[in-house]
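In what follows, a single structure is set out as structure tokens and then discussed.
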Amino acid sequence: MDYHPEVLFDELTIKNRIAELGAQITHDYAGQEIVVVCVLKGAFVFCADLIKEINLPIRLEFISLSSYGDKTASSGEVKKNLDITGKIRGENVLVVEDIVDTGLTIETLFRDLSSREPRTMKLASLLFKPEKLKADVDIDYLAFEIEDQFVIGFGLDYAQRYRELPYIGVLNQA
Ligand code: IMP
């Protein structure tokens, strides 16, 4: 392949930041159980590492949304490919996302999940690109804010590739 990712955040930097977020979440929800909703596919690596840093009882759910197809710009249309299987009514829901770009994915997801009446609903995201934000989105637990550039690795893909990289990188066409 003709691409050579440049490292933006290395493995150790990500690990340390996730440990900080886990400690903050553990503190904020002390004495309660949370339902973590992992947004597939991109958030699976972040979510797997984050839940190991949360010292509380957790019920894990998965939901799959897509908005990009195989392109690097959002199509603006959010499709639900897979829904959670458990109930969230009356629960503390923590949605775990890979990246908030336009915010349309998370806005659509929050509208959908709120209609199921959780007790509380918060958002954890690995990355945030504020420049393209079009929706009203608050990120309660954010690992890193980045510039408007296309990133891959640590679960994030370009045309379904690079998810396995242990770091977050930027694609530079060689
Ligand atoms: P939004 O709806 O524009 O906020 O886009 C959110 C979704 O687009 C994320 O969950 C990712 O799957 C994808 N996405 C946005 N920016 C990037 C990127 O830089 N790299 C890989 N995927 C991205």
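Start at 1 and go down the list; that is how both ligands and their atoms are numbered.
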Assess whether a salt bridge exists between Lys15 and Asp49, defined as any Lys/Arg side-chain N lying under 4.0 Å from an Asp/Glu carboxylate O.
no

Any atoms of ligand 1 less than 4.0 Å from a non-hydrogen atom of Gln149? List them with their elements.
19 (O)

State whether a side-chain donor-acceptor pair under 3.5 Å links Ser125 with Asp98.
no

Will you find, in the side chains of Lys41 and Gln160, an N or O donor that is under 3.5 Å from an N or O acceptor?
yes

Below 4.0 Å from ligand 1: does a non-hydrogen atom of Leu104 turn up there or not?
yes

Which residue from Leu133, Ile168, Asp98, Ile146 reaches closest to atom 9 (C) of ligand 1 through any of its heavy atoms?
Asp98

Which of the listed options, Tyr162, Phe150, Tyr158, holds the heavy atom that is closest to atom 18 (C) of ligand 1?
Phe150

Ligand 1 contacted by Gly103 (non-hydrogen, < 4.0 Å)
yes

Considering only heavy atoms, which of Asp157, Leu109, Leu127, Thr105 lies nearest to atom 7 (C) of ligand 1?
Thr105

May I ask you to identify, for Lys132, whether its side chain, its backbone, both or neither come under 4.0 Å of ligand 1 on a heavy-atom basis?
neither

Decide whether an N or O pair under 3.5 Å exists between Val151 and ligand 1.
yes

Salt bridge check, Glu117 against Arg89: does any charged N sit closer than 4.0 Å to a carboxylate O?
yes

Counting from 1 in the order shown, the ligand 1 atoms closer than 4.0 Å to a non-hydrogen atom of Glu97 are 10 (O)

SB check Lys132 Asp148 (cutoff 4.0 Å)
yes

Mind checking the CG-CZ spacing from Asp101 to Phe150? Nearest 0.5 Å is all I need.
9.0 Å

Can you list the ligand 1 atoms lying under 4.0 Å from a non-hydrogen atom of Lys129?
16 (N), 17 (C), 18 (C), 19 (O)

Does a sphere of radius 6.0 Å around CG in Asp83 hold more than 12 heavy atoms from other residues, nucleotides or ligands, not counting ones at 6.0 Å or beyond?
yes

So, is Leu156 polar-close to ligand 1, with some N/O to N/O distance under 3.5 Å?
no

Are Tyr29 and Ile18 connected into the same hydrophobic cluster when the rule is that any two of I, L, V, M, F, W, Y join if their side-chain heavy atoms are below 4.5 Å apart?
yes

